[in-house]
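For this chain, numbers begin at 1 and follow the sequence in order. Worth knowing before you read on, the calculation uses all heavy atoms, side chains too, and leaves out hydrogens, waters and symmetry mates.
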Amino acid sequence: MGFLEAVKKQYVILNVSGIPVRADVRWIAVILLMTVVIAGGIGFANAAVSITLGLATTLIFFVSIFLHEFAHAAVARMEGLRVVEIVLHPFGGLTRFRHEPETPRAEFRIAIAGPAASFLLSLLFVAAAVAAGSAGLDILAALMYTLAIGNFLIAVFNMFPGYPLDGGRVLRAYLWRSGKDLNEATILTGRCGQAIAVAMVIFGLIFAIVRQDLFTGFWAVLVGLFLYDSARSIIKEVNASEQVTVQDVMMLPVPVAPESTVQEFVDHILPMYPRHVFPVAREKQLYGMLLLAEMRSVEPSLWRQTLISEVMRPVSHDHFVETGVSLTEARELIRLNGIGAVGILDSDGNFVGIVHGTGNPK
């Protein structure tokens, strides 16, 4: 393993509510740098006390960043998404999900949760600063104001309308709700993220050269470069996904014959294939879709005489796509058809596969 790989390697530092929280060793450098800057601003004659207070303030600030990300995770779980991990990097954090939100509303609520948490934290730190000032603890009040400003800036910066910033996700939710394809909305907001990144780099260079503020300028350039690279990676990933067709990822179907009974399905097929939706087909002809949630409305006493054809949804145009259709288009159809899957037909109209969605059918 090379030096750069070792530096960027992520380690699990804790688990919260079953969510692994990862960070890499670059955090050590950032913690040391912020500790020195804050300690220098305190101006205590006792260097050990200044460094201790600076370190404590830095660690609390990073806990604030974690709470920002955990707010995303908590709302995502409320929306039915599986949270894979929270990654803390030197310029903020990232919450990873198993799949994208299924609706613009869910995307908006998840995106706005982080800045809302940071803004709430800034208010709490202001209240703590006022209380400390009233008690004559001027140093503590100054540190609380520093944390309040830091959280406020996180909230404001993250609301810039460029992906992967939270504001970019809010803009993506708006574009998605307005009728744009999710991938198209992602690319547009990713371009906005790149524009914001370039502006930050220019801003940092101006601060460093004109105002001789090397610390602010250097930090702004680093954040801009990191944001640009993140946006570029997202755009590249979306463009690559556009080339994937349903034929590349489809599963072999487990068809249910329309003339079979519900009892036969429950006894012989469901125990082997615990899915939420099954294609109803015979001799490569698709007749409809059987939704497990709808089949459960049939009384068990009627299972032996109830045919699958009586409880299935008859096939319609939004139940299937052809083999050459992109996976992105198929997933959008899955999101809209209320079934949670689409059948795949070849050029002759034969039923050859199925693609399932990421969530349960509505």
Side-chain angles (χ1 to χ4, degrees), residues 16-17 19 64-89 91-124 151-197 227 230-231 233-235 237-239 241-242 327-338 340 357-362:
V16 181
S17 297
I19 303 173
S64 299
I65 294 176
F66 162 74
L67 292 175
H68 174 110
E69 295 303 324
F70 189 73
H72 289 307
V75 175
R77 282 183 165 180
M78 291 172 59
E79 295 293 339
L81 271 69
R82 180 181 173 187
V83 181
V84 177
E85 63 183 358
I86 293 175
V87 179
L88 302 177
H89 53 73
F91 308 108
L94 175 67
T95 305
R96 298 187 188 277
F97 311 122
R98 178 64 65 188
H99 57 82
E100 294 280 12
E102 295 185 355
T103 64
R105 176 181 176 274
E107 170 78 344
F108 173 82
R109 292 186 64 189
I110 295 168
I112 204 68
S118 293
F119 183 71
L120 179 60
L121 285 170
S122 71
L123 295 179
L124 292 176
N151 277 278
F152 180 76
L153 291 177
I154 288 176
V156 172
F157 175 69
N158 271 280
M159 285 309 297
F160 284 2
Y163 202 86
L165 297 174
D166 296 330
R169 300 197 67 163
V170 169
L171 176 59
R172 185 173 75 156
Y174 171 77
L175 294 173
W176 188 9
R177 187 175 182 274
S178 300
K180 287 192 178 296
D181 174 76
L182 178 60
N183 280 1
E184 183 183 1
T186 302
I187 291 175
L188 285 173
T189 52
R191 298 295 185 200
C192 291
Q194 289 181 316
I196 292 170
L227 179 60
S230 297
S233 297
I234 289 166
I235 293 171
E237 180 180 331
V238 171
N239 286 331
S241 71
E242 292 282 359
L327 179 60
T328 299
E329 185 178 342
R331 283 177 172 167
E332 182 66 11
L333 185 60
I334 291 171
R335 185 180 71 84
L336 297 173
N337 68 12
T358 52
N360 296 348
K362 303 295 187 289

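- Defined by atom type and a distance below 3.5 Å, a donor-acceptor pair is missing between the side-chain atoms of Arg169 and Thr189.
- Under a 3.5 Å cut-off, the side chain of Ser122 and the backbone N or O of Asn151 do not form any donor-acceptor pair.
- The CD atom of Glu329 sits 11.5 Å away from atom CD1 of Ile334, with the distance rounded to the nearest 0.5 Å.
- Proximity of His72 to Pro115: side-chain heavy atoms (C-beta onward) are separated by under 4.5 Å at one or more points.
- Of all the heavy atoms in Leu171 and Cys192, the pair that sits closest is CD2-SG, 4.4 Å.
- Taken to the nearest 0.5 Å, the CG atom of Leu165 stands 8.5 Å off from the CZ atom of Phe160.
- Side-chain contact check for Glu184 versus Val238: every heavy-atom pair is 4.5 Å or farther apart.
- Here CZ of Phe157 is found 10.0 Å from CG of Asp166. Values are rounded to the nearest 0.5 Å.
- Of all non-hydrogen atoms in Val75 and Ala113, the two that sit nearest each other are CG2-CB, 3.5 Å.
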For the pair Met159 and Ile112, evaluate side-chain contact (heavy atoms from CB on, under 4.5 Å) and give the outcome as yes or no after the intermediate values.
CA-CA 8 Å; Met159 285 309 297; Ile112 204 68; 3.8 Å; yes
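- Taking CD1 of Ile235 as the reference point, atom CG of Asn183 lies at 12.0 Å (rounded to 0.5 Å).
- Side-chain contact check for Pro161 versus Val170: every heavy-atom pair is 4.5 Å or farther apart.
- Using a 4.5 Å cut-off on side-chain heavy atoms (C-beta onward), Phe97 and Val83 make contact.
- When side chains are defined from C-beta on, Arg77 counts as touching Ile19, because their heavy atoms get closer than 4.5 Å.
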Residues Val16, Ile86; criterion side-chain contact (heavy atoms from CB on, under 4.5 Å); working and verdict:
CA-CA 10 Å; Val16 181; Ile86 293 175; over 6 Å; no
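- When side chains are defined from C-beta on, Ile234 counts as touching Pro164, because their heavy atoms get closer than 4.5 Å.
- Closest approach of Ser118 to Ile154, counting heavy atoms only: OG-CG2, 3.5 Å.
- Under a 3.5 Å cut-off, the side chain of Glu69 and the backbone N or O of Thr95 do form a donor-acceptor pair.
- Here the side chains of Arg105 and Glu79 are in contact, with some heavy-atom distance below 4.5 Å.
- Atom CH2 of residue Trp176 and atom OG1 of residue Thr186 lie 8.5 Å apart, to the nearest 0.5 angstrom.
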Please determine whether side-chain contact (heavy atoms from CB on, under 4.5 Å) holds for the pair Leu182 and Arg331, giving the CA-CA distance in whole Å, both sets of side-chain angles, and the decisive distance to 0.1 Å.
CA-CA 10 Å; Leu182 178 60; Arg331 283 177 172 167; over 6 Å; no
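- Taking both residues in full, the closest heavy atoms of Gly190 and Tyr163 are given as N-CB, 3.7 Å, listed atom of the first, atom of the second, then distance.
- Between the CD1 atom in Ile187 and the CZ atom in Arg172 there is a gap of 11.0 Å [rounded to 0.5 Å].
- Within 6.0 Å of the CZ atom in Phe119, the count of heavy atoms belonging to other residues, nucleotides or ligands does not exceed 12.
- Enclosure of atom CZ in Phe152 is not indicated, since only 12 or fewer non-hydrogen atoms of other residues, nucleotides or ligands lie within 6.0 angstrom.
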